[in-house]
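Note sheet for the following structure.
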Amino acid sequence: MKPWLKKVLILAVFLLLVGVGIIWYIFNEKFTDTNKRDAAFTVEATNFIKEFQQNDSLANIKYAEKIITIKGIVAEVEAMDSLVNIKMIDTVTDAYIIFAFQQEQMVKAKMLKEGDKISIKGSCSGGTYSEILETEAINFKRCVIN
């Protein structure tokens, strides 16, 4: 076997092993419980929505993938079999924030009712403007009720 071919094969095997290791790490990554994380920002729901409506690109840069505490009033409770989503809505523009909860928080989230004043902490997935619905939607994941 030629020496350069042997080096190329060793390098290819090494890169393959590194790639497999990186993929394994990404797929097995665990998130810290949101309860144990400090919020980067604490804001009122109406102000938060307005910030996204004014410039969602800048708001996404500022808030995306950060832990944020939102204070506001429950507008809708969307309960499904084992999941529940909570919405806070700007009644003037119909823009909304939707919160998806951690499994441990499902019982608490299902007990919420429209009109409840609450504080929710979660990871902001960012906001998008829907041309079809003509409104801003801001998504949160891994949420907990404060």
Side-chain angles (χ1 to χ4, degrees), residues 7-146:
K7 289 179 183 178
V8 169
L9 286 174
I10 291 171
L11 180 63
V13 170
F14 175 75
L15 291 175
L16 179 67
L17 290 174
V18 168
V20 168
I22 291 170
I23 290 170
W24 180 84
Y25 175 78
I26 290 170
F27 282 115
N28 290 302
E29 182 178 17
K30 302 285 185 223
F31 292 101
T32 305
D33 183 2
T34 305
N35 267 329
K36 297 176 183 174
R37 306 265 320 264
D38 291 331
F41 300 95
T42 299
V43 294
E44 291 292 326
T46 53
N47 295 336
F48 190 71
I49 290 170
K50 284 178 186 171
E51 196 168 341
F52 273 88
Q53 289 175 317
Q54 289 170 356
N55 190 332
D56 66 357
S57 296
L58 287 177
N60 278 319
I61 290 169
K62 181 177 179 180
Y63 295 115
E65 301 307 321
K66 292 186 176 74
I67 301 296
I68 314 227
T69 298
I70 304 288
K71 296 177 181 180
I73 297 172
V74 174
E76 286 183 34
V77 178
E78 298 175 343
M80 294 157 252
D81 292 337
S82 61
L83 300 174
V84 65
N85 290 324
I86 301 297
K87 277 187 179 179
M88 292 181 185
I89 299 173
D90 179 346
T91 55
V92 176
T93 63
D94 289 333
Y96 62 91
I97 307 169
I98 189 163
F99 302 92
F101 288 86
Q102 291 184 166
Q103 195 62 39
E104 310 83 48
Q105 293 282 311
M106 290 299 174
V107 173
K108 284 184 186 178
K110 285 182 179 180
M111 292 174 20
L112 293 171
K113 295 177 183 64
E114 290 180 17
D116 287 350
K117 188 168 184 159
I118 59 167
S119 173
I120 299 175
K121 182 167 59 169
S123 176
C124 181
S125 299
T128 55
Y129 181 79
S130 170
E131 296 288 336
I132 296 170
L133 299 175
E134 296 179 346
T135 192
E136 187 78 30
I138 307 161
N139 296 296
F140 276 76
K141 58 190 173 196
R142 299 190 318 272
C143 295
V144 297
I145 297 169
N146 283 335

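When all heavy atoms of Val84 and Ala79 are compared, the closest pair comes out as CG2-CA, 4.1 Å. Between Val77 and Leu112, the closest heavy-atom pair is CG2-O, 3.5 Å. For the residue pair Ala45 and Gly72, the shortest heavy atom distance occurs at CB-CA, 4.2 Å. A pairwise comparison of heavy atoms in Ala95 and Ile49 identifies CB-CG2, 3.5 Å as the closest pair.
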Pairs of donor and acceptor atoms involving the side chains of residues 113-123, under 3.5 Å and at least two apart or interchain, shall be tabulated with distances.
from	atom 1	to	atom 2	distance (Å)
Asp116	OD2	Lys113	N	2.8
Ser119	OG	Asn146	ND2	3.0
Lys121	NZ	Thr34	O	3.3
Lys121	NZ	Arg37	O	2.7

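A side chain to side chain contact (heavy atoms under 4.5 Å, CB included) with Phe101 holds for exactly one of Leu83, Asn85, Ile145, Val107; it is Ile145.
Listed by first and then second residue, the side-chain hydrogen bond (donor to acceptor under 3.5 Å, both in side chains) pairs that reach into residues 41-51 are Glu51-Lys62, Glu51-Tyr63, sequence neighbours excluded.
Glu104 pairs by the side-chain hydrogen bond (donor to acceptor under 3.5 Å, both in side chains) definition with Gln102, not counting sequence neighbours.
The distance from atom OH of Tyr96 to atom CG of Asn139, rounded to the nearest 0.5 Å, is 7.0 Å. Between atom CD1 of residue Ile68 and atom CD1 of residue Ile138 there is a gap of 9.5 Å, rounded to the nearest 0.5 Å. Residue Phe140 holds its CZ atom at 4.0 Å from CD1 of Ile70, rounded to the nearest 0.5 Å. The distance from atom OG1 of Thr69 to atom CZ of Phe48, rounded to the nearest 0.5 Å, is 10.5 Å. The structure places CD1 of Ile89 at 12.0 Å from CD1 of Ile73, a figure rounded to the nearest 0.5 Å. Between the CG atom in Leu11 and the NZ atom in Lys7 there is a gap of 11.0 Å [rounded to 0.5 Å].
Formation of a donor-acceptor pair under 3.5 Å by the Asn60 side chain with backbone atoms of Gly127 is found in this model. The main-chain N or O of Thr128 is found under 3.5 Å from a side-chain atom of Glu136 such that the two form a donor-acceptor pair.
Side chains of Val13 and Leu9 form no contact here, defined as non-hydrogen atoms less than 4.5 Å apart.
The number of heavy atoms from other shown groups lying within 6.0 Å of NZ (Lys141) is above 12. Surrounding NZ of Lys108 are at most 12 heavy atoms belonging to other residues, nucleotides or ligands under 6.0 Å away.
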